[in-house]
Every structure is written in C-alpha cells, then in structure tokens.
Amino acid sequence: MGDLSLGGGKVAVFGGVPGGEQDGRWISLRGDRPARPAAEVAEEARAACPGVLLAEPRSADGLADLARLVDGFVVGGAWTRDLSLVRAVAAAGLPVVVQRGSAASLGEWLAVADYCAAAGNDRVVLCESGGRGPGGRAAPNLPLLRAARERSGRPVLADLGEDPGLAAAAVAAGADGLFLAPQAGPGVVAAARRAALVVGALAGAAERRGTPGSVEAAREAIDRVDAALATLLERRAALAGVVQRLKPVGGFAGRDMDRERRLVEAMARYAPRLGAVRLAPVMNAVIEAGLHLAEEDRRLDRPAP
C-alpha cells in the first residue's frame, strides 16, 4: 500500500489516473450513485492504483473497514462543518486532506486542520479548492494557498478540477501537490504531471527544499532537476526543428552564430556562476543535437511535433 508523504521538494499529482512514485488517485464515495458499499468501491480503486489512494467518505459509518484499504481520507469543502465526520476521520489515524469550502476564510479552513490535530491526528494536508471560474473551471486562490502554507506549516495541494492550465502557477506559488477531479482523464493528468515536474524542480520545490543534507537527498534532487532538464531539452529541440523548417536555409548551413552568442550571453545572466564561457560548449551541444534531430525528422519525413 502506498504512503502519503508530501513536502520535501516532491510535487504529488492526485487524479483519476495514477502514475509515478509520488502520484496517486482519489475517489469520492459521495459521488457513487447508486450507492455501493464503500469498501467495494475502494477495493476496485486499490486494484487499479499501485500508489497512494485517498477516499472522500460519505459518512462516518464504515470508516474502520475503509481505513484498511486506503492511505488517507479527504474531507470535502462542503463537509468541513460536519465536525462529527471530521472527528471520525481524524480518529482513523490516517492522513487527512482538508479541502477549503468556497466561502471559508483562511482562519476557518485552518481551524478544521487544528480540530483534526486536537482529535489526536496531526497528519493533515490542506487543499485549496477555491471557487469556480468561467465555464465552471476550478480556480484555486493561489495567494491564499501560499498564505495557508506559511501560516500553518502544513503541506498544501491545489485543486485544479479537470483543467491543468494553472498547474505550473500553483506549483510556483508553493503547492506541494495538485488535486485533479476523480474523473480527470489521462491527458489532463499527464499535463499536470509535466508542469509539476518542470516547475517543481526549477522553482517552487527548490524554494521549499533548501540544501540537501545527505548524498542520497542531493542525488534525488539532481534526478528531479535532470528529469525537468530532459523535458525542456526535448521541447527546445522540437521548437528548433520548427525553425529549421521555416528558414530559407535550414540545417547546419543555416546556423546564426551571432544569435547563438547572444543567446549564451542572455543565459549567463540567469546562470552567473556558470557564465558564458562554461555555457557556450553546453549550448553548442544542445543546438547540434537539435539540428541532428531536425535533419533526421526531415529525412524520415516525420511530422512536426
């Protein structure tokens, strides 16, 4: 069974389709109509979820059986005022994700987390759900998310519904994870995961993580940055290929060395410790790899990415 572990620089993605070491799935038993036994629904979800599985219970009934099948519980924003449910969920001893109701203030939201702690369970994760914007899309309040994290010291998720468009902004704002609708499809989950990977490694997660305290932790941080770097390099190569197809003279013959020099100088402003001298051979290798790929795509008549 998975283990809900948030913070420490890793950005988890919870959606209908799990994938990856930190990713998980959550199910809303309230939305199961006609109502089936909670344990039955959870057993089906567990069979399909090798990682973390969270469940939003219908009521306090049957929580003991449900707790044996899941890794944590979700208290939906609409149910945070049901203190008997909150107390029962906290008493189960599993991590609890507390969503903010659309009308709840920061203080009211955090009070629910404190109530769980007072009931003997301090393993609480907050989830900023916000309201609903145009078209019914999730619109988490990102400044409030950051404030909740700073004021409480607890991990905070951002609920994006079925729209991954704010995923990068949410991670940059300090979200420890992204919460997607249970029915979110593979494409939505994949888009959110890409944003969490890239932005988490380059911005928000780095800000929270600080300097690793061991070789193992440092290597894990390097692995995350390398994964983000590979994703960005692949994207850069694809864009360079587009340029090669649009230029009158493409390929290696069309290289603009003056532009490449300016590019390295501009990058050096973002990486002053490396500087232009060290960056120049790196970028030359990157550019040449992209050109080789563009030539291969042209030769094999592969479509533009």
Side-chain angles (χ1 to χ4, degrees), residues 1-7 12 14-15 24-33 35-42 45-46 52-132 138 140-141 144-161 175-182:
M1 186 174 289
D3 177 38
L4 179 60
S5 176
L6 295 175
F14 296 93
R25 179 180 180 185
W26 77 284
I27 54 174
S28 177
L29 299 170
R30 296 178 180 277
D32 189 58
R33 297 290 185 271
R36 291 185 294 159
E40 179 183 322
V41 180
R46 169 54 67 195
V52 175
L53 178 63
L54 309 177
E56 180 185 14
R58 296 189 189 97
S59 68
D61 296 335
L63 278 182
D65 291 335
L66 193 56
R68 288 192 285 269
L69 296 166
V70 301
D71 301 294
F73 288 114
V74 178
V75 178
W79 312 103
T80 52
R81 294 183 185 275
D82 185 348
L83 295 184
S84 63
L85 174 61
V86 174
R87 184 166 54 249
V89 166
L94 295 177
V96 181
V97 176
V98 177
Q99 292 186 306
R100 183 179 74 87
S102 59
S105 67
L106 174 61
E108 291 170 333
W109 181 24
L110 299 185
V112 179
D114 292 339
Y115 188 84
C116 290
N121 187 348
D122 199 33
R123 303 169 69 190
V124 180
V125 177
L126 300 168
C127 180
E128 164 49 25
S129 301
R132 296 285 156 177
N141 185 324
L144 192 65
L145 180 152
R146 181 179 287 274
R149 200 177 191 286
E150 293 174 350
R151 181 166 156 181
S152 71
R154 301 182 186 279
V156 184
L157 308 174
D159 185 351
L160 306 180
D176 295 277
L178 304 174
F179 222 53
L180 303 169

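Counting from 1, the numbers follow the sequence of the chain as shown.
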Min side-chain heavy-atom separation [X]-[Y] under 4.5 Å:
{"X": "V124", "Y": "P95", "answer": "no"}
{"X": "L53", "Y": "L69", "answer": "no"}
{"X": "V125", "Y": "V96", "answer": "no"}
{"X": "V156", "Y": "C127", "answer": "no"}

Atom [atom1] of [X] and atom [atom2] of [Y]: how far apart are they, to the nearest 0.5 Å?
{"X": "L85", "Y": "L63", "atom1": "CG", "atom2": "CG", "result": "7.0 Å"}
{"X": "L145", "Y": "L157", "atom1": "CG", "atom2": "CG", "result": "8.5 Å"}
{"X": "R151", "Y": "L144", "atom1": "CZ", "atom2": "CG", "result": "9.5 Å"}

* Applying side-chain contact (heavy atoms from CB on, under 4.5 Å), name anything that partners V74, two or more places apart in sequence or on another chain. => W26, L54, E56, V97, Q99, F179
* For L83, which residues count as a side-chain contact (heavy atoms from CB on, under 4.5 Å) partner, sequence neighbours excluded? ->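 Once residues adjacent in sequence are excluded, the partners of L83 under the side-chain contact (heavy atoms from CB on, under 4.5 Å) criterion are Y115.
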Answer yes or no: is there a donor N or O on one side and an acceptor on the other, between the side chain of [X] and the main chain of [Y], under 3.5 Å?
{"X": "R100", "Y": "A104", "result": "yes"}
{"X": "W109", "Y": "E128", "result": "no"}
{"X": "E108", "Y": "S105", "result": "yes"}
{"X": "N121", "Y": "L94", "result": "yes"}

What pair of heavy atoms forms the shortest contact from [X] to [Y], and how long is it?
{"X": "A55", "Y": "L66", "result": "CB-CD2, 4.4 Å"}
{"X": "D82", "Y": "S84", "result": "OD1-OG, 2.7 Å"}
{"X": "A117", "Y": "D122", "result": "CB-OD1, 3.3 Å"}
{"X": "L110", "Y": "S152", "result": "CD2-CB, 4.0 Å"}

* **NZ/NE/NH1/NH2 to OD/OE distance under 4.0 Å, R154 and D176** =>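 No.
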